[in-house]
Structures are given as C-alpha cells and as structure tokens.
Amino acid sequence: MMLFGNKNWWVLIIAITIYSNISGQDNTIPQFPEWMIKQRIETLNEQTPIELNYNENVKAYIDVYTVKRRDHLANIISRSKLYFPLFEEYLAKYNLPLELKYLAVIESALDPKAKSSSGAMGLWQFLYHSGTMFDLKVTSYVDERCDPILATEAACKYLEYLYRNFNDWQLALAAYNGGVGVVKKAIERSGGITNYWELRPYLPEQVKGYVPAFIAATYAIEYSKYYDTPNLEPNYVFSDLDTVYVHKKISFDEIVSRTGIDLAELQQLNPMFTKNIIPNREKPTCLFLPKKYISRFIETGSNVELKKLKKEYPLPRTKKIIHTVVKGEYFHKIAIMHRCTIEDILHWNHLKSKDIHPGQRLTIWVPPYNNHFSILKEV
C-alpha cells in the first residue's frame, strides 16, 4: 500500500541528470578523493544501527548536495537548527536511531509547508489518508500533517512499525517511501532476497533512489563544513521557542498586534494553521512563539496559558489487552496503534485472513513504551 506520495526528494534525480551532463565544475568547491569519502561514511556507519554504504548511486547524490545544490543544502542546515532537536527528542522517546532525522531532509527539505504533487504535506510528507492512521486531523483551518510535533510523533510510530516488519533499517526506509506491500512484493519476486542493494533491481524506480539519497543527505550534512557550505543563520533555533495554549478563536493579525512578531515568522513557526486563524477547538490549541514574545502575549489577553512539556518515565510493562474493532479500522492502523505487525495480530488470534469486521475482538500483546509526555501548567 502506498502510504506516502512522490516526495520533493525526487527533484534530486533531475539535478543528478543535469549535473552528469556538465563537463566542468567550480574549482573553488572543495573536492575529496573517493577513498576519503568512503572512509568518512564508514565512520558514520559505526555510529548508527542504520547501515550506511558508499557506492556510485550514493556518490551521485552526494555530488548533488555538495556541488550542484550547495545553496539548497545551506538552507536545509539552517532549518535543521530549529527542527533537529525536536526530531531527536521524539526519536529518543521511541528508541529509534537519531539519524532518522535525515529522512525529513529528503522528504521535505525541512519545510513544514512542503506539498508534493500527490498532496502529501509537512516535514514528513503524509498523504491525507495516511495522516488519518495517526489521527492527524485536517479541517478548513488546521492541517495537523504540518504540525511539527504531531507529525514527528506520527513518523516515529510509522518508522517503528516499518522496522518491526523488516528488522532492517534500509528496507524500512524503502518502505517509508513505497509502502510495506511494495517492499514485500519485491522480496517475493526476488525469491526471498532481503539485502537492500541486492533487492534494489526489483523495486519501483522512485523507491530505488530513496536509500542512496538518505545516505547522501546524512553524509552531506555531517561533513558540510569541509565543503565550505554557506553558513545561513536561522531566525530562531529550537531553544528560542516556547508554547502557549490558546482557549479561544484568535487571528494571526491579533497575535501580531499583541506581540510585535513578524507575520511571516509566526506563520513559519505555526504552519498547521492554514487560514492564519486559530479556531475554537475542543481542547486548548498549542501556539509556538519565541520566548521573548511569550510574556507580552499573555499580559495582553486572558485566553491563554503558559504550559511546559515534561517527561514522565513509567515502569516497563507487557500485558495482554483486547482490542475491539470499530468501524473504519483496518489491520495497518491497529498494528501501528499497538506497536506490532499485522503478522503478530494474525498469529496471536490464529487468523488466516486479514478480513476484520466492527465488533470483532482481537487479542493484542502490548510492549513497554520508553517514556511519555504530559502537559503541565507552569507555576
């Protein structure tokens, strides 16, 4: 099943094609021998459970990032100072490799408003249908696929689910782009090959470039200083921000009037609001603001509270639960919800078919979570 659409990373393929036709290159850009690049990637490989390889496919993408699209890379690195600390927080929460933060680079170039030709949105590029699997709501006023926190947590849940299916991070990355079914069918057609590079000829064209692009992005950002990549200072870094919770409908114009923040900055920090309005909602709505504007915003209005995120560390647990299927649920959603695989559910319930119906009771074994977040009012 294709959960995620054709992402913005595909433009790199076009860039590679263009670059390969250029006979010369800028001699002012630092160049390094292949043995050195390979050695650097081997060093990165030792620091992560995700296998990072060097070959001609990876080299082509490295050349795009470090030579042909240096300004593009500089913009990504600038945005990373805002988003990478957030990604790392949630990847650590789910006990996932921190290097998965580079996945958002090839998905959206770290643009929270990025939209693909197929309608995928946000930093992690969720389609409308795939967003509903993680309860990412889309209304006329709010698109939670563009919410950095909610979308990042959804991406972590999905990546965790993909790894459970394949027990291999390169296959999980390929499945993030193509879907679980696409990768499993490729394995079947190949006669059971599970090594990504050997399986690659059996994958669709758009999926073939995904893992090489991921490895190249990881390398390009980690070693960007050696390529004299332009240094672009961001307007804000992650530590500059805090959150307030809004209880009533309010327009961005009013927030600008009350705080003095630039409208474009307010939009950048709160990309989930599609009409520059925070609507009335059942629960208080989170608004991101630079810390320097927080007190001014609270002092000029009575419909907000300052709140903080605090970690809680529950004791490990493993127990059996009964999940009652509700209308509209399907195996993928149930498996993601309970951090297991479809095959696990079939096995636990002695099922031979993936057909389920509302009211059906399923036995699920729940694994321990690492830690949770709760909202606490600041005193």
Side-chain angles (χ1 to χ4, degrees), residues 1-4 89-97 100 124 126-139 142 144-145 147 149-169 171-172 175-176 179-185 187-188 281-284 286 309-376:
M1 177 172 61
M2 178 70 75
L3 291 182
F4 300 89
E89 189 84 13
Y90 278 86
L91 289 166
K93 173 184 175 181
Y94 285 87
N95 197 29
L96 297 171
L100 289 171
W124 299 94
F126 285 95
L127 289 168
Y128 178 85
H129 170 70
S130 57
T132 62
M133 292 174 58
F134 304 96
D135 298 321
L136 296 176
K137 297 177 176 58
V138 180
T139 69
V142 178
E144 291 183 347
R145 297 175 299 170
D147 185 310
I149 288 180
L150 296 179
T152 297
E153 182 145 33
C156 288
K157 290 179 180 178
Y158 189 53
L159 286 164
E160 184 187 52
Y161 168 71
L162 294 174
Y163 184 73
R164 282 198 302 272
N165 274 271
F166 298 105
N167 199 35
D168 180 284
W169 277 115
L171 295 180
Y176 190 93
V180 173
V182 166
V183 176
K184 286 187 174 181
K185 286 177 183 177
I187 292 173
E188 290 175 5
R281 306 178 79 184
E282 291 183 11
K283 297 180 180 180
C286 178
L309 288 175
K310 177 184 176 181
K311 292 183 184 178
E312 293 181 344
Y313 298 92
L315 294 174
R317 60 188 174 86
T318 300
K319 66 178 183 179
K320 182 173 74 172
I321 66 170
I322 302 299
H323 177 95
T324 302
V325 180
V326 301
K327 185 177 180 180
E329 283 189 331
Y330 39 92
F331 267 110
H332 270 301
K333 184 168 185 176
I334 296 171
I336 290 169
M337 182 188 309
H338 295 296
R339 302 175 66 205
C340 61
T341 67
I342 293 174
E343 288 75 13
D344 287 335
I345 299 175
L346 293 173
H347 173 70
W348 291 331
N349 294 274
H350 309 290
L351 299 176
K352 296 181 180 180
S353 169
K354 294 181 182 179
D355 295 329
I356 54 176
H357 55 81
Q360 184 173 349
R361 292 163 60 84
L362 298 173
T363 296
I364 304 287
W365 287 91
V366 183
Y369 252 98
N370 296 311
N371 59 305
H372 295 271
F373 287 73
S374 62
I375 301 299
L376 296 179

Checklist entry - Mind checking what makes side-chain contact (heavy atoms from CB on, under 4.5 Å) contact with Ile187, not counting sequence neighbours? => result Phe166, Leu171, Val183, Thr194, Leu199

Item to check | Non-neighbouring partners of Thr324 that pass side-chain hydrogen bond (donor to acceptor under 3.5 Å, both in side chains), sequence neighbours left out | outcome: none

Item to check | Closest heavy-atom pair and its distance - Glu144, Leu150 | outcome: CD-CD1, 3.6 Å

Item to check | Approximate separation, where rounding is to 0.5 Å, of Lys137 NZ and Thr132 OG1 | outcome: 10.5 Å

Next on the checklist: Among residues at least two apart in sequence or on other chains, which ones pass side-chain contact (heavy atoms from CB on, under 4.5 Å) with Ile322?
Outcome noted: Arg361, Thr363

Next on the checklist: Under 6.0 Å between ring centres: does that hold for Phe134 and Phe126?
Outcome noted: yes

Checklist entry - Is the NZ atom of Lys354 crowded by more than 12 outside heavy atoms at less than 6.0 Å? => result no

Next on the checklist: Assess the residue pair Arg339 and Val366 against the criterion (side-chain contact (heavy atoms from CB on, under 4.5 Å)); give the C-alpha distance rounded to whole Å, side-chain angles, the decisive distance to 0.1 Å, and a yes or no.
Outcome noted: CA-CA 7 Å; Arg339 302 175 66 205; Val366 183; over 6 Å; no

Next on the checklist: Tell me the closest heavy-atom pair linking Leu91 and Pro97, and the distance in Å.
Outcome noted: CD1-O, 3.8 Å

Checklist entry - So do Ile334 and Ile342 actually touch side chain to side chain, heavy atoms under 4.5 Å? => result no

Checklist entry - Who passes side-chain hydrogen bond (donor to acceptor under 3.5 Å, both in side chains) against Asp135, sequence neighbours left out? => result none

Next on the checklist: With heavy-atom distances below 4.5 Å as the criterion, would you say the side chains of Trp169 and Leu100 are in contact?
Outcome noted: yes

Next on the checklist: The test is side-chain contact (heavy atoms from CB on, under 4.5 Å); show your working for Val180 and Tyr161 and say whether it passes.
Outcome noted: CA-CA 10 Å; Val180 173; Tyr161 168 71; 4.1 Å; yes

Checklist outcome for this item: Scanning both residues in full, the closest heavy-atom pair of Met133 with Tyr330 reads CG-OH, 2.9 Å

Next on the checklist: As a quick check of understanding, evaluate salt bridge (Lys or Arg N to Asp or Glu O under 4.0 Å) for Glu89 and Lys93, giving each step before the final call.
Outcome noted: CA-CA 6 Å; Glu89 189 84 13; Lys93 173 184 175 181; over 6 Å; no

Checklist entry - In Å and rounded to the nearest 0.5 Å, what is the CG to OH distance from Leu96 to Tyr163? => result 10.5 Å

Item to check | Side chains of Trp124 and Leu136 in contact at under 4.5 Å (non-hydrogen atoms) | outcome: no

Checklist entry - Taking only residues two or more places apart in sequence, or in another chain, which ones meet Phe331 in a ring pair (Phe, Tyr, Trp, His ring centres under 6.0 Å)? => result none

Next on the checklist: For Lys184, give me all partners under side-chain hydrogen bond (donor to acceptor under 3.5 Å, both in side chains), at least two apart in sequence or on another chain.
Outcome noted: Asn165, Glu343

Next on the checklist: Restricting to salt bridge (charged side-chain N to carboxylate O under 4.0 Å, His left out), what partner residues turn up for Glu329, sequence neighbours left out?
Outcome noted: none

Checklist entry - For Ser130 and Tyr158, what are the C-alpha separation, side-chain angles and deciding distance, and is it a side-chain contact (heavy atoms from CB on, under 4.5 Å)? => result CA-CA 10 Å; Ser130 57; Tyr158 189 53; over 6 Å; no

